[in-house]
Amino acid sequence: MNRSHALPSRRTFMQVMAGTTALVAMPYGVARAGAPTAGMSHTPVFFDAAEWKFLNAACARLIPHDALGPDGVALGVPRFIDLQMDTPYGRGEMWYMHEPFVEGPANLGYQLPYPPREVYRRGIAGANAWCQHNDGADFAALSPERQDEVLAMMEKGEMMFPDLPAAQFFEQLLSNTMEGAFADPIHGGNVGLRSWTMIGFPGARADFMDWVDQYGVKYPLGTVSISGETA
């Protein structure tokens, strides 16, 4: 593939996904551990070692590195997801979680008995078991190309987990990955404001009214986070 033709597609994709993501507000819970810095390590508070390897590998494929920006790991997305699992959102305290749990049409939304943290626990176990059976190794040990194939199969529902639809797990993973990439850095992801900078989002500024009607004019102020961090 001609790389020069591939680059705009990444920016367009990220801009579209950013439009569906809550960029500034606290995503789901009070998981504030301070703004991360590029290259910092993180000891997971919820995921075990095998789960953490899967999460890092998957985030690196869902948002891969290229000339326009870093991958999901460098953006701190696994850290964001890990911190969210220890919030009311991660524990399912913000969801209606009462019976009956039945398989219904898509327009009824989520119908499973598992909160997000249990979706990850069961989904990662199911994905690694599938990879062990079919490839002889956990997901994180596969080649990037094979990881892409496995993720695509999950998305399409072409593999079966014992107690969780693979497509449901993929939807959870992709949604949280995009949220981690575009949320304010105070929540653990979007390290260095690099996602916002890439798409030209000005961040958590209080007032944009002077620029609402100035179509085609480049916004002159830089990106800023809730904490006051600037790119």
Side-chain angles (χ1 to χ4, degrees), residues 1-42 55-56 58-84 87 89 144 148 151-152 155 170-231:
M1 177 183 294
N2 186 325
R3 194 63 167 169
S4 64
H5 293 301
L7 297 183
S9 63
R10 172 188 168 103
R11 186 181 300 275
T12 300
F13 170 76
M14 297 289 271
Q15 288 173 329
V16 170
M17 293 303 296
T20 64
T21 306
L23 297 179
V24 178
M26 172 67 77
Y28 302 110
V30 185
R32 299 187 180 187
T37 57
M40 73 174 295
S41 61
H42 171 68
L55 189 63
N56 278 265
C59 289
R61 299 314 304 157
L62 291 173
I63 303 179
H65 167 82
D66 66 13
L68 285 178
D71 66 21
V73 175
L75 287 171
V77 171
R79 180 179 191 265
F80 167 87
I81 296 175
D82 180 58
L83 294 175
Q84 286 297 309
T87 66
Y89 163 76
D148 288 347
L151 290 170
E155 182 179 22
F170 179 85
E171 181 179 343
Q172 181 79 46
L173 174 63
L174 179 61
S175 294
N176 290 156
T177 296
M178 300 312 298
E179 289 159 356
F182 289 107
D184 190 282
I186 198 172
H187 308 306
N190 193 11
V191 173
L193 302 164
R194 284 179 285 182
S195 289
W196 287 359
T197 301
M198 183 183 68
I199 63 172
F201 182 68
R205 295 192 178 276
D207 186 0
F208 301 93
M209 292 306 296
D210 291 342
W211 298 91
V212 169
D213 296 324
Q214 297 192 44
Y215 302 105
V217 178
K218 184 177 180 180
Y219 187 73
L221 303 178
T223 300
V224 63
S225 73
I226 292 172
S227 67
E229 178 187 358
T230 57

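These figures come from a predicted structure and were not determined experimentally.
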Item to check | Nearest-0.5 Å distance that lies between atom CG in Leu173 and atom CG in Leu55 | outcome: 7.0 Å
Checklist entry - Would you say Ser175 and Gln172 make side-chain contact, with heavy atoms under 4.5 Å? => result no
Checklist entry - Does any N or O in the side chain of Thr87 come within less than 3.5 Å of the main-chain N or O of Gln84, such that one atom is a donor and the other an acceptor? => result yes
Checklist entry - Closest heavy-atom contact between Trp196 and Phe182? => result NE1-O, 2.7 Å
Item to check | Gly192 to Glu229 - nearest heavy-atom pair and separation | outcome: CA-OE2, 3.6 Å
Next on the checklist: Treating Thr223 as the side-chain partner and Gly203 as the backbone partner, does any N or O pair qualify as donor plus acceptor under 3.5 Å?
Outcome noted: no
Checklist entry - His65 and Asp71: which non-hydrogen atoms are nearest, and at how many Å? => result N-CB, 3.4 Å
Checklist entry - Is there a side-chain contact (heavy atoms from CB on, under 4.5 Å) between Leu193 and Ser225 once you walk through the steps? => result CA-CA 8 Å; Leu193 302 164; Ser225 73; 3.8 Å; yes
Item to check | Contact summary for Cys59 and Val77, nearest pair of heavy atoms | outcome: SG-CG1, 3.6 Å
Checklist entry - What pairs with Val212 under side-chain contact (heavy atoms from CB on, under 4.5 Å), at least two apart in sequence or on another chain? => result Met209
Checklist entry - Quick one: side-chain contact (heavy atoms from CB on, under 4.5 Å) partners of Pro202, sequence neighbours excluded? => result Phe208, Tyr219
Checklist entry - When you measure from the side chain of Arg79 to the backbone N and O of His187, does any donor-acceptor pair fall under 3.5 Å? => result no
Checklist entry - Do the side chains of Val191 and Phe80 get nearer than 4.5 Å, heavy atoms only? => result no
Checklist entry - Any sub-3.5 Å donor-acceptor pair from Arg194's side-chain atoms to Ala74's backbone N or O? => result yes
Next on the checklist: Has Asn190 got a side-chain atom pairing as donor or acceptor with Ala183's backbone, closer than 3.5 angstrom?
Outcome noted: yes
Checklist entry - Is there side-chain contact between Ser195 and Leu75, with at least one heavy-atom pair below 4.5 Å? => result yes
Item to check | Taking every non-hydrogen atom, the tightest pair across Ala204 and Asp184 | outcome: CB-OD2, 4.4 Å
Next on the checklist: Are the side chains of Met178 and Ile63 in contact, using a 4.5 Å heavy-atom criterion?
Outcome noted: yes
Item to check | Partner residues of Glu155 under the side-chain contact (heavy atoms from CB on, under 4.5 Å) criterion, sequence neighbours left out | outcome: Phe170
